[in-house]
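Structure first, then comments.
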Number of protein chains: 2
Amino acid sequence: MEPTGRREPTMREPTMRDVAALANVSTKTVSRVINGLPGAGTEVTDRVRAAARTLGYRPNLTASSLRRSDRRSATIGVLFEDLSNPFDAALLRAVEDRARHSGVLVLAGSNEDDHTLQRELLLSLSARRVDGVVVMAAGGHQDALQHERERGTPMVLVDRPPTFGGTDCVTTTNRESSRDAVARLAALGHRDIAFLGDRRTLWTSQERYTGYVEGLAQAGVALRGELVRTDLHGADLAETATAELFCLERPPTALFTAQNLVTVGAMRVLRARDLHRRVAVIGFDDFPLADMLDPGITVVRQDVPGIGRKAADLVLARIDGDTSPPVHAVVPAALVPRGSGEIVPLS
Amino acid sequence: MEPTGRREPTMREPTMRDVAALANVSTKTVSRVINGLPGAGTEVTDRVRAAARTLGYRPNLTASSLRRSDRRSATIGVLFEDLSNPFDAALLRAVEDRARHSGVLVLAGSNEDDHTLQRELLLSLSARRVDGVVVMAAGGHQDALQHERERGTPMVLVDRPPTFGGTDCVTTTNRESSRDAVARLAALGHRDIAFLGDRRTLWTSQERYTGYVEGLAQAGVALRGELVRTDLHGADLAETATAELFCLERPPTALFTAQNLVTVGAMRVLRARDLHRRVAVIGFDDFPLADMLDPGITVVRQDVPGIGRKAADLVLARIDGDTSPPVHAVVPAALVPRGSGEIVPLS
DNA sequence: AACTCCTACGTCAACGTTGACGTAACCAAG
DNA sequence: CTTGGTTACGTCAACGTTGACGTAGGAGTT
């Protein structure tokens, strides 16, 4: 039997003390050299650097941030709904990219739209003394978020506004872009435009629905309640709902699908019934290969990297002490015509 | 002008000392209560808990891990190529999920396939004293990885093996699945099967190419050099290469596309030339909506969550002191027939 | 020559926490 | 009543680092 194994039995991580001993200086001098602070002569600097290299010294940021006056960990937390969702992932990527350019690393977690889990993750981040957090809030109450915010942690919400005050957020033009998309369909002559939306608890779903209503009103088209289907969480539910729409006596001639999985579900039904060249579709949220389908899917595309960058900018500015009033940044979305949104009604 | 603003001017984070003072006990007793260690009476425990709650005390994990003997940060680092790539994101998600169940958080970073950046990220992780790392290695030399590994940091490589020894890795059945896919095409009667691959520097590309060669050999089909196109980094290059193949005197009747963007590029060309119903295609790596195209794309699907889970399992086990010999775990991929791979040659 | 000022160091304590160890009180057994 | 053991605490120092401050020596000024 081997002795129960620590990975490196005897070797300890070298510390400033070790470097100092080897270079025959005080630890404070090593600190100065490592941090590039003035007050170390060239000869001593070289000696310290050489010692650090031979020992393989690596600064310990946790000890450093414990002692430092600013108490920074150079780390921010990012909580998303599900990192395996490309939307969340692209957002994370943008945040991470922007953060890295400020020497800040990202602690990432998925809250799975569960506020209990979100609360736990928030505690974990808090225990690690992150300098700030970017959060795609889980549904349900935001008490944990509010509590954390009130402790003074810089916080930015993405894709939904806070239910409490004093906090920045970044969203896209959900309502306006939805209104424009619906108005566009109406302008082509459509009078029976269905709305297919995700869970109604989501702020974005509500906004997009409001935009739909406004778009119809703006075009002078009456809203038909039976053409509105919500709470379609996932492509399967969207399929069922779409199928039902085409069993109506007066089926829709156009669909406004307010989320990308909903769009995909709807398209499946249209293709199965060979309606995809006759029923117009505009979807909210772009998705890969939307241009490869037949017809290409016209979508409202969010500027995901832009949203992430903005969120990171905000939280980093707050960490740097920016105390200006809270901001609700709106990153505009753009309509990308690909064919499916340009289909005219049969008449 | 306001005074240049710290976020909370006067308030300090409460510490164990504050809690101890309020509860009229020593800090050590607070430590025992917070960590659920024995040696605290019920009455004292209640008093400490109450004090902690009123002060809003949060344990400081960085101070704790500095003092603790095991020196754990309960944090692992994850370096991927580009988190905005769904493959990387799904992998991150799986790792994160598994880690969370052990109370471990994930520090994420994208190395953008640049080993200088990878080196910097590794230093950042090291400075934060992560307990281990999961890495999708950037191309080029792996010196920085090896160095970090030799310091004793538990490490698992994903999607490619290490160029140095003593390190775990997790990959999929690149060679075997490629061989089977090509053999499958040959079994349908195809004799002119093209290979379209990503950058040759990638280990996965090499393996998949080897599988292609083996598949042909196994079926007794001669390899035609002009049907092999590699270094197709991105869909655009794949399009060009595919177009060239169909300018050959004897064009291929089937394509084996060894990466998902390559598959998409190839499909674009086939559709543009109306060959998509006549030329067979099997792609390596699944992608969203592959089933929605016409025909659906037959793919070799990697078990991405399985790979991530396995990688996390390995690194967490090493952190827990597992000193068994290094493992090269292979998570099997599966063929998903959807139509494009079942097309038979014309004559 | 005495003075200031600056540079290049060093010394010390503290950041928030916990391991090692000490101690007082109590109970049970001899 | 002592002895030994257990329980419930407390005391102290240390983890690796840096802020505050001290000091020795040299250069420049009067």
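Not measured: the values here are computed from a predicted model. Proteins come first, then strands; the chains are lettered A, B, ... in the order of their sequence lines, and each starts at number 1.
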Practice prompt. Please check if the side chain of A:Asn35 supplies one atom and the backbone of A:Leu37 the other of a donor-acceptor pair under 3.5 Å.
Written response: no
So which protein N/O to nucleotides 16-20 of chain D N/O distances come out below 3.5 Å?
unit_1 : atom_1 : unit_2  : atom_2 : d
D:dG16 : OP1    : B:Arg71 : NH1    : 3.4
D:dG16 : N2     : A:Ala63 : O      : 3.4
D:dT17 : OP1    : A:Tyr57 : OH     : 2.4
D:dT17 : OP1    : A:Asn60 : N      : 3.1
D:dT17 : OP2    : A:Met16 : N      : 2.6
D:dT18 : OP1    : A:Asn35 : OD1    : 3.1
D:dT18 : OP1    : A:Asn35 : ND2    : 3.4
D:dT18 : OP2    : A:Ser31 : OG     : 2.6
D:dT18 : O2     : A:Arg67 : NE     : 2.9
D:dT18 : O2     : A:Arg67 : NH2    : 3.3
D:dG19 : N7     : A:Lys28 : NZ     : 2.9

Discussion item. Quick one, A:Glu13 with B:Arg71, criterion side-chain contact (heavy atoms from CB on, under 4.5 Å). Give me CA distance, side-chain angles, the key distance, then yes/no.
Written reply: CA-CA 11 Å; A:Glu13 280 274 300; B:Arg71 227 38 78 72; over 6 Å; no
Worksheet item: Quick one: B:Asp70 CG to D:dC15 P, roughly how many Å, whole number?
Response: 16 Å
Practice prompt. Answer with base, sugar-phosphate or nothing: what part of the nucleic acid does B:Thr29 contact at a heavy-atom distance below 4.0 Å?
Written response: sugar-phosphate
Discussion item. Hydrogens and angles aside, do B:Arg58 and A:Ser126 bring a side-chain donor and acceptor to less than 3.5 Å of each other?
Written reply: yes
Worksheet item: Where do B:Ser26 and B:Thr29 land on the side-chain hydrogen bond (donor to acceptor under 3.5 Å, both in side chains) test, with the steps shown first?
Response: CA-CA 5 Å; B:Ser26 72; B:Thr29 297; 3.2 Å; yes
Worksheet item: Any chance the side chains of A:Thr45 and A:Arg49 put a donor and an acceptor closer than 3.5 Å?
Response: no
